[in-house]
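Written below as structure tokens is the structure these notes are about.
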Amino acid sequence: MRMLINVPETVVADALRGMAAAHPELTVDVERRVVVRRDAPVAGKVALVSGGGSGHEPLHGGFVGPGMLAAACPGEVFTSPVPDQMVRAAAAVDSGAGVLFVVKNYTGDVLNFEMAAELAEDEGIQVAKVLVDDDVAVTDSLYTAGRRGTGGTLFVEKIAGAAAEEGAPLERVEAIARRVNERCRSFGVALSACTTPAKGSPTFGLPEGELELGIGIHGEPGRERRPMMTSREIADFAVDAVVEDLRPSGPVIALVNGMGATPLLELYGFNAEVQRVLGERGVPVARTLVGNYVTSLDMAGCSVTLCEVDEDLLRLWDAPVETPALRWGR
Amino acid sequence: MRMLINVPETVVADALRGMAAAHPELTVDVERRVVVRRDAPVAGKVALVSGGGSGHEPLHGGFVGPGMLAAACPGEVFTSPVPDQMVRAAAAVDSGAGVLFVVKNYTGDVLNFEMAAELAEDEGIQVAKVLVDDDVAVTDSLYTAGRRGTGGTLFVEKIAGAAAEEGAPLERVEAIARRVNERCRSFGVALSACTTPAKGSPTFGLPEGELELGIGIHGEPGRERRPMMTSREIADFAVDAVVEDLRPSGPVIALVNGMGATPLLELYGFNAEVQRVLGERGVPVARTLVGNYVTSLDMAGCSVTLCEVDEDLLRLWDAPVETPALRWGR
Amino acid sequence: MTQTFDADFLVRWLAAVAEAVDREADRLTELDSAIGDADHGANLKRGFAAVTETLAKDPPATPGAVLTAAGRQLISTVGGASGPLYGTLLRRTGKTLGDDGRVTREQLAEALDSGVTAVSQLGGAQVGDKTMLDALVPAVEGLRDSFGAARSAAEEGALATVPLRARKGRASYLGERSVGHQDPGATSSALLFAALDEIARTEASGAEGAS
Amino acid sequence: MTQTFDADFLVRWLAAVAEAVDREADRLTELDSAIGDADHGANLKRGFAAVTETLAKDPPATPGAVLTAAGRQLISTVGGASGPLYGTLLRRTGKTLGDDGRVTREQLAEALDSGVTAVSQLGGAQVGDKTMLDALVPAVEGLRDSFGAARSAAEEGALATVPLRARKGRASYLGERSVGHQDPGATSSALLFAALDEIARTEASGAEGAS
Ligand SMILES: Nc1ncnc2c1ncn2[C@@H]1O[C@H](COP(=O)(O)OP(=O)(O)O)[C@@H](O)[C@H]1O
Ligand SMILES: Nc1ncnc2c1ncn2[C@@H]1O[C@H](COP(=O)(O)OP(=O)(O)O)[C@@H](O)[C@H]1O
Ligand SMILES: [Mg+2]
Ligand SMILES: [Mg+2]
Ligand SMILES: [Mg+2]
Ligand SMILES: [Mg+2]
């Protein structure tokens with residue numbers, strides 16, 4: 001177990017204490033596991049609340065701040081948070097303009113956020129919910145729990161967060177969030193499994209010279225195992241999977257995302273291949289983001305997310321954001 | 001070899017192409033391996049140029065932009081760049097106000113930058129140099145190549161870069177850079193080795209349950225191997241090593257840096273322990289930065305850098321910076 | 001005379017579940033690692049430890065209240081899919097039991113049946129989808145006969161998930177690759193009914209001893 | 001009559017070095033991995049391939065010019081510590097050789113001696129510091145006697161680095177832990193002199209055959 005931890009049981013609490021120390025611009029309630037932007041509630045503005053299992057950092061806590069999330073609820077590693085956290089977060093950030101829950105589509109997240117929404121409404125908070133399900137590796141059918149929420153989450157949180165910051169009312173923020181999700185597609189590849197603190201060994205065995213195609217962000221095995229591929233081949237496969245599903249007719253924003261242990265050097269090299277395929281497929285790229293944003297602990301690998309944008313969404317993407325992990329504009 | 005690459009030979013060129021696509025605000029000369037801020041040369045301002053082997057991303061290319069580096073020269077993986085790159089970079093960014101070379105103290109970097117400085121001066125460019133040597137794991141004596149430059153580089157580039165952006169003349173920028181280096185100390189720990197593309201296997205064998213204390217950022221083994229330690233114990237060891245050498249009398253900025261493959265979740269948890277030790281030692285912390293900034297490919301582990309600051313240096317640290325990896329202010 | 005069970009019986013049941021889950025946590029996590037995200041053991045360990053603590057601190061007076069409190073605690077502590085699902089199972093069962101101070105096995109089976117229905121409604125899963133329901137549904141059926149029958153039915157149900165292809169929860173992402181693995185939630189459900197049988201036996205022998 | 005060597009001889013030497021470095025790249029990297037940063041093989045492979053290419057494209061007329069051009073190319077291509085050091089070695093050696101069209105072994109030894117001195121000045125290392133100098137210095141001494149002597153001296157010098165504790169370069173960071181490993185730079189220096197001996201033998205046998 002090559003981990004920089006004390007004991008598995010305190011990993012999340014320890015991280016929150018460390019986050020509190022590093023980010024005076026956030027209010028971190030370590031006990032209750034809620035990360036809130038310091039100036040919340042912001043009068044007259046809709047507040048975005050998200051959350052999910054820990055282990056995907058900087059998602060979601062690293063996206064709390066002006067222009068993005070008002071609050072985040074970190075669960076245990078790979079375990080959705082509990083409704084109490086979400087209700088507290090909603091209460092802490094609601095200015096009266098309402099709260100949008102951004103929920104990644106996993107059974108656990110969906111159920112817990114649903115319960116939280118009911119409880120929050122009981123407390124008089126107006127709550128809307130948007131489900132993020134962008135992962136094309138999962139067939140959305142009666143025979144699955146539906147597509148997973150992965151890299152698309154960053155787009156939903158950034159763009160809907162910008163709309164909220166502009167003062168858009170809840171229905172519009174919700175509609176934009178939904179629109180962004182509909183225009184986002186992702187595909188992920190693992191070059192190694194990850195190791196959860198609780199298990200202490202890799203979540204699946206992946207022999208040297210093989211990779212997993214179509215992985216999620218929870219260390220679960222993918223849809224298919226194949227002999228190792230080059231960066232070029234992986235880009236062909238992943239971008240094709242995304243483009244064939246999204247069929248964009250306009251420009252996209254590309255997220256080339258690292259799963260955690262793949263060096264930035266490799267991610268940039270992979271981005272070169274992603275851009276090449278997009279060029280070959282005739283997909284114009286409006287913006288590109290490369291880095292570790294929606295991770296899976298110490299997994300090596302990457303994912304590609306494309307978000308098709310119109311002028312409005314691109315403007316909201318470019319709008320100022322000021323969080324630990326995403327910062328631009330102003 | 002769990003790498004997201006095509007072939008080892010093109011890793012750096014591929015990464016530069018991907019960087020160019022992701023960062024229109026930079027001019028990336030892939031062929032000549034120079035990354036320059038788009039608006040260089042900036043009239044009347046001193047320009048900082050740095051560089052070193054690749055594999056430490058975001059250092060240095062990710063630190064190019066207003067308020068930090070004017071240009072970076074990426075070498076092959078773990079191999080100092082060649083003088084030609086540095087001369088080209090200097091020529092591209094010199095506004096007539098002169099260029100400061102920020103050089104990490106490794107034999108290769110020192111020799112190549114020295115040759116470059118001579119050549120650049122032949123071309124009429126005024127060049128000053130600052131050597132970064134902050135790693136307390138190496139004894140600075142006749143019996144070593146001297147202390148390595150590691151996390152301190154970020155402080156030198158950020159703070160001297162801010163001084164240059166303010167319009168300070170070359171001697172003052174150089175003096176500030178030197179002052180920052182004198183006040184920076186670092187200590188690094190590896191929980192795993194890293195794998196260079198050229199070698200394709202870990203640079204050293206590290207059995208489960210052991211760690212390396214006092215490592216650098218080039219996959220070289222450390223000074224000492226020990227049975228695995230907890231986050232708490234590692235923080236005690238690393239912070240003590242730094243504090244005993246630095247003996248700060250005022251506040252410090254703390255950099256809790258990941259070596260590449262250690263999840264942000266663990267880095268934040270480690271930061272909690274670092275802050276605890278600093279508290280126990282009575283060292284006030286003015287600012288804290290947690291993340292992967294000066295990395296060693298896919299190595300798991302971390303380093304701690306402390307930079308003692310006075311009001312002037314803290315103001316320069318807080319000054320606006322707008323680079324791919326560090327962005328704040330304005 | 002039909003045997004009846006009081007609040008304390010249910011507290012002892014949940015304590016036995018906590019013990020079993022603690023003992024079997026690594027196995028549950030291992031199963032979840034194969035087709036899920038390797039947290040089921042830790043989730044239930046954390047959850048039932050909190051349940052035990054809550055019930056000890058503030059012991060409810062009726063069987064119904066015990067289960068309702070336990071369910072609430074699971075919902076507030078566990079997270080993931082199993083938190084709301086097991087939480088709802090116990091909460092709904094407790095609510096159905098109502099305020100009676102003692103309940104019969106048949107009443108418990110009836111109430112659990114409503115709890116299991118609630119789980120199915122909440123998660124949208126059916127028997128055969130390779131979830132906890134594959135153990136819960138036959139277990140409740142068995143409970144109408146005896147504690148022992150409930151236990152074996154749950155164990156068989158859990159084993160029967162091995163050849164199934166998952167249609168709900170994370171394992172469904174794997175498609176065909178989920179075949180050949182036992183569902184972690186069905187396995188933990190079997191632990192619930194094994195513990196129930198155990199406690200009922202102790203109770204019975206205790207009762208015999210006393211009679 | 002004393003044997004003399006022309007520009008072509010030196011071009012063939014450097015081509016043989018390129019081949020040897022290519023063949024031994026993994027071993028050099030392996031050695032550098034143990035006490036350095038695992039790039040010495042790739043560095044020299046890249047460097048000497050570029051040297052071969054340059055010399056083929058634009059073959060200099062004199063031995064001195066060959067070495068000067070090769071040295072410049074190494075400096076522009078290799079990077080790291082070995083780029084400037086080997087680059088300086090060849091450049092200074094070439095400059096010392098001057099403009100003569102043919103040079104003797106003694107002249108070459110003399111010139112290499114100045115090159116080695118420049119390496120020592122540039123890097124501040126001495127024999128015994130566990131660097132390329134541990135092979136270069138004895139090799140140049142040996143070259144005054146014969147190509148074969150230079151070769152064996154270099155090989156012995158490289159082997160003799162094993163028990164040393166490094167005082168220069170990356171290996172010095174390891175302190176005591178550098179003991180027991182052969183220095184990669186000294187090893188590549190031995191390849192230089194092995195290649196020189198080889199080419200000289202071919203030349204000699206060719207000369208014999210021709211006479
Ligand atoms: N929709 C559902 N209906 C019933 N049970 C489900 C459903 N989804 C998942 N489960 C059960 O939950 C178990 C997983 O629980 P756990 O690992 O604690 O949560 P998570 O899947 O969120 O990590 C599965 O093994 C399965 O038995
Ligand atoms: N100061 C020095 N003087 C002479 N040779 C040196 C010096 N420093 C390093 N070397 C030689 O350089 C070799 C390493 O070269 P290389 O691996 O290519 O560069 P780097 O150390 O920059 O990665 C060492 O094995 C050693 O022989
Ligand atoms: Mg989970
Ligand atoms: Mg090197
Ligand atoms: Mg799970
Ligand atoms: Mg080296």
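The chains referred to below are lettered A, B, ... by the order of the sequence lines, with proteins before strands, and numbering in each begins at 1.
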Give, for atom CZ of A/Arg2 and atom CD of B/Glu208, the distance between the pair rounded to the nearest 0.5 Å. 5.0 Å
Taking ring pair (Phe, Tyr, Trp, His ring centres under 6.0 Å) as the cut-off, I'd like each qualifying pair that reaches into residues 3-30 of chain B, sequence neighbours left out, listed once. A/Tyr268-B/His23
Using non-hydrogen atoms and a 4.5 Å limit, figure out which bit of A/Leu211 sits close to chain B: side chain, backbone, both or neither. neither
Of A/Ile234, A/Asn271, A/Leu265, the largest count of non-hydrogen pairs under 4.5 angstrom with chain B goes to A/Leu265
Interatomic distance, CG@A/Leu4 vs CE@B/Met229, rounded to 0.5 Å, equals 10.5 Å
Partner residues of B/Asp14 under the side-chain contact (heavy atoms from CB on, under 4.5 Å) criterion, sequence neighbours left out: B/Asn6, B/Thr10, B/Arg17
Donor-acceptor pairs under 3.5 Å, side chain of residues 54-62 of chain B to any protein atom, not counting sequence neighbours: which ones?
{"residue": "B/Ser54", "atom": "OG", "partner": "B/Gly75", "partner atom": "O", "Å": "2.6"}
{"residue": "B/His56", "atom": "ND1", "partner": "B/Ile217", "partner atom": "O", "Å": "3.2"}
{"residue": "B/His56", "atom": "ND1", "partner": "B/Thr295", "partner atom": "O", "Å": "2.8"}
{"residue": "B/His56", "atom": "NE2", "partner": "B/His218", "partner atom": "NE2", "Å": "3.2"}
{"residue": "B/Glu57", "atom": "OE1", "partner": "B/Gly55", "partner atom": "N", "Å": "2.9"}
{"residue": "B/Glu57", "atom": "OE2", "partner": "B/Gly55", "partner atom": "N", "Å": "3.1"}
{"residue": "B/His60", "atom": "ND1", "partner": "B/Ser50", "partner atom": "OG", "Å": "3.1"}
{"residue": "B/His60", "atom": "ND1", "partner": "B/Glu157", "partner atom": "OE2", "Å": "2.8"}
{"residue": "B/His60", "atom": "NE2", "partner": "B/Gly51", "partner atom": "O", "Å": "3.2"}
{"residue": "B/His60", "atom": "NE2", "partner": "B/Lys104", "partner atom": "NZ", "Å": "2.8"}

Does any heavy atom of chain A fall under 4.5 Å from the side chain of B/Val77, the backbone, both, or neither of them? side chain
Taking atom CG of A/Leu267 and atom CE of B/Met19, what is their separation to the nearest 0.5 Å? 12.0 Å
Just checking heavy atoms, which of residues 278-288 of chain B are less than 4.5 Å from chain A? B/Thr288
Does any backbone or side-chain atom of B/Glu322 lie under 4.5 Å from a heavy atom of chain A? Answer side chain, backbone, both or neither. neither
For chain B, which of A/Glu233, A/Glu210, A/Glu273 has the most heavy-atom pairs under 4.5 Å? A/Glu273
Please report the interatomic distance CG(A/Leu297) to CD(B/Glu266), rounded to the nearest 0.5 Å. 7.0 Å
Given that the side chain runs from C-beta out, which part of B/Pro207 has a heavy atom under 4.5 Å from chain A: side chain, backbone, both or neither? backbone
If you count heavy-atom pairs within less than 4.5 Å of chain A, which of B/Arg232, B/Met299, B/Arg276 leads? B/Arg232
